[in-house]
Amino acid sequence: MGVLNLQEWQKIPIALTELCINTSLRCGQSFRWRKSDQGIWSMALHGRILYLHQDSENLYYHTPLASDTKKDTSLPLINHYLNLQPNLSQLYKSWSSADPVFARTAPKFTGIRILRQDAWEALVGFICSSNNNIIRISQMVDKLCRNYGPLIGEIEGETYYDLPTPQALIGDEVEGKLRELGFGYRAKYIAQTAKMVVDKGGTEWLDSLRNPESPILGVKEKSATEWKVEGRDGYRAAHQALMELQGVGPKVADCVCLMGLGWGEAVPVDTHVWQIAQRDYKFGKGKHSSLTKIMYDAVGNKFRTLWGKEAGWAHSVLFTADLRAFSERLVSKVEIKEEVLLPVKKEEEDVDDEGLQQVEITKKILTKRVKEEGEDGEEEKTITEISENIRRKKRIRR
DNA sequence: ACGAGACCTACAAA
DNA sequence: ATTTGTAGGTCTC
């Protein structure tokens, strides 16, 4: 991508704590954005190619090749797509004051904003997401666009396709073709779901499930029904309707509700969130150790109680912090220098009624070199951890 | 209601 | 060099 000439670009003053595209565009919400090595994000959106770039003071946008009328509509489109209306730092403050766990994690993950994607795009993307990683999901969505979507344009040697409509995916050959393209078992899900969506009324049917407070571009807001801990009625109805589709379980349905239909209270509970719930919110102790439907709903209700109407937004902050690609931000580059095991004692110990046990205690001295990302570059330090290892060995019957 | 397998693929880690 | 595990789950017994 050519030289970044920001003078031709439009800009919106915005702080990184209000929006951080480097995080928001690659934390697994949207799978079509590309980033050039000069830090320019690009994607085909609503019939045009959109470039984005951000520094500490401004968000810059540019629509190369677009007609003047399309350029004129880019600002409202960006406001809509990037969901710039809510005051994010205010929301972070209120989530932090309600929840010490959030308060501890959030400072390193500011500016994470839920995008307002098209419902159909979110649906397709998240059907692809099962048992999968973000890189491959992105590759799959790209293949879908290149094989079935409309060509939007070519610039700087890059071609841009938009997502295919559901109607473009109802052919009998689609499932086989998608399998060839490496979709695996998700090929059937996409093909079936496309047919079902067309059957139910296409993207208009999907949009009928939207949060009326977050309508599609150009449609006037209406107020949603009253708040409940389990989510508003419209959200519950949308979730239930989506679950009828092939390849759409509770988690994918919640992703579509949150990122494609504007229901801020939707909390997708995946393996990451379930682990967070167990580790930091005392879920899964004793009974209910697995993520059953009961537990799935309980986790969502817990977070909605804690964080309120935009619980899904807060959830995404903790989710992102848990992603492998971002975990370096918590502790980056841990290198083990030395590990020493010192025998301390070895003895036999009484165990109630059971007999004698051999007990071996060792001290583990672990020296690590840790690099942490600070404001200006990296900081290196050496950490020494000492832990006691207790190994109970054979049982000796009395 | 709950649990266990199977399901496609690619790529890192052992 | 092969094998194993895992990555934003869902469906079917």
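Order of the sequence lines fixes the chain letters, A, B, ..., with proteins taken first and strands second; residue numbering starts at 1 for each chain.
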* Structure fact -> Looking only at dG9(C), dC2(B), dA7(C), the nucleotide nearest the Val252(A) side chain is dG9(C)
* Per Tyr189(A) side chain, nearest of listed nucleotides dC2(B), dT10(C), dA7(C) -> dT10(C)
* Per the side-chain contact (heavy atoms from CB on, under 4.5 Å) rule, which among Leu88(A), Ile14(A), Ile112(A) passes with Leu19(A)? -> Ile14(A)
* Asked: At under 4.0 Å between heavy atoms, what does Gln29(A) touch on the DNA or RNA strands: base, sugar-phosphate, or nothing?
  -> base
* Distance, P atom - from dA6(B) to dT4(C), rounded to whole angstrom -> 15 Å
* Where are the stems of DNA chain C, defined as at least 3 consecutive Watson-Crick or wobble G-U pairs with both distances under 3.5 Å? -> B:3-7 with C:9-13, B:9-14 with C:2-7
* Spacing between Lys188(A) atom NZ and dT10(C) atom C1', to the nearest angstrom -> 11 Å
* To do: Measure from CG on Asp270(A) to P on dA7(C) and round the result to the nearest Å.
  => 11 Å
* Asked: P atom, dG5(B) versus dG5(C): distance in rounded Å?
  -> 14 Å
* Aromatic contact, Tyr92(A) with Phe102(A) (centres under 6.0 Å) -> yes
* Asked: Nearest of dT10(C), dA7(C), dG3(B) to any side-chain atom of Ser290(A)?
  -> dG3(B)
* Asked: So, is Arg179(A) close to the dC8(B) phosphate, meaning a side-chain N or O under 4.0 Å from OP1 or OP2?
  -> yes
* Structure fact -> When rounded to whole Å, the CG to P distance for the pair Leu242(A) and dG9(C) reads 18 Å
* What's the CD-P distance between Gln275(A) and dG9(C), to the nearest Å? -> 10 Å
* side chain to side chain donor-acceptor pair (under 3.5 Å) partner of Ser74(A), the single match among Arg48(A), His46(A), Gln10(A) -> Arg48(A)
* Asked: Hey, would you say the Phe126(A) and Phe31(A) ring centroids sit under 6.0 Å apart?
  -> yes
* When rounded to the nearest 0.5 angstrom, what distance separates CZ in Arg210(A) from SG in Cys257(A)? -> 10.5 Å
* **Touch class at under 4.0 angstrom, heavy-atom based, for Ile135(A) against every strand present** => nothing
* Using whole Å, report how far CD of Glu175(A) lies from C1' of dC7(B). => 13 Å
* Value in whole Å for how far the C1' atom of dC7(B) lies from CZ of Arg136(A) -> 11 Å
* Are OP1 or OP2 of dG9(C) and a side-chain N or O of Ser129(A) less than 4.0 angstrom apart? -> no
* **Upstream residue (5' side of DNA chain C) when Leu245(A) and Val273(A) are each assigned their closest nucleotide** => Val273(A)
* Using whole Å, report how far CG of Asn132(A) lies from C1' of dG5(C). => 15 Å
* Any idea which of dA7(C), dC7(B), dG3(B) is nearest the Tyr185(A) side chain? -> dC7(B)
* Cation-pi check, Arg34(A) onto Tyr160(A) ring (under 6.0 Å, within 45° of axis) -> yes
* To do: Measure distances between side-chain N and O atoms of Tyr296(A) and base N and O atoms of dG9(C), and say whether any donor-acceptor pair falls under 3.5 Å.
  => no
* Quick one: sort the His62(A) and Trp9(A) rings into parallel, tilted or perpendicular, breaks at 30° and 60°. => parallel
* **Any donor-acceptor pair under 3.5 Å from Arg116(A) side chain to Gly260(A) backbone** => no
* For Asn131(A) and for Gln139(A), locate the closest nucleotide of DNA chain B by heavy-atom distance; then report the residue assigned to the nucleotide nearer the 5' terminus. => Asn131(A)
* For residues Tyr60(A) and Asp55(A), is any side-chain donor paired with an opposing acceptor at under 3.5 Å? -> yes
* Can you check the Phe183(A) CZ to dA10(B) C1' distance for me, whole Å? -> 14 Å
* **dA10(B) and dC11(C), which share atom name P, separated by this distance in whole Å** => 23 Å
* To do: Report yes if a side-chain nitrogen or oxygen of Thr271(A) is closer than 4.0 Å to either non-bridging phosphate oxygen (OP1 or OP2) of dG9(C); otherwise report no.
  => yes
* Asked: Which part of the nucleic acid, if any, lies within contact of Cys128(A), taking any heavy atom under 4.0 Å across all strands shown: a base, the sugar-phosphate backbone alone, or nothing?
  -> nothing
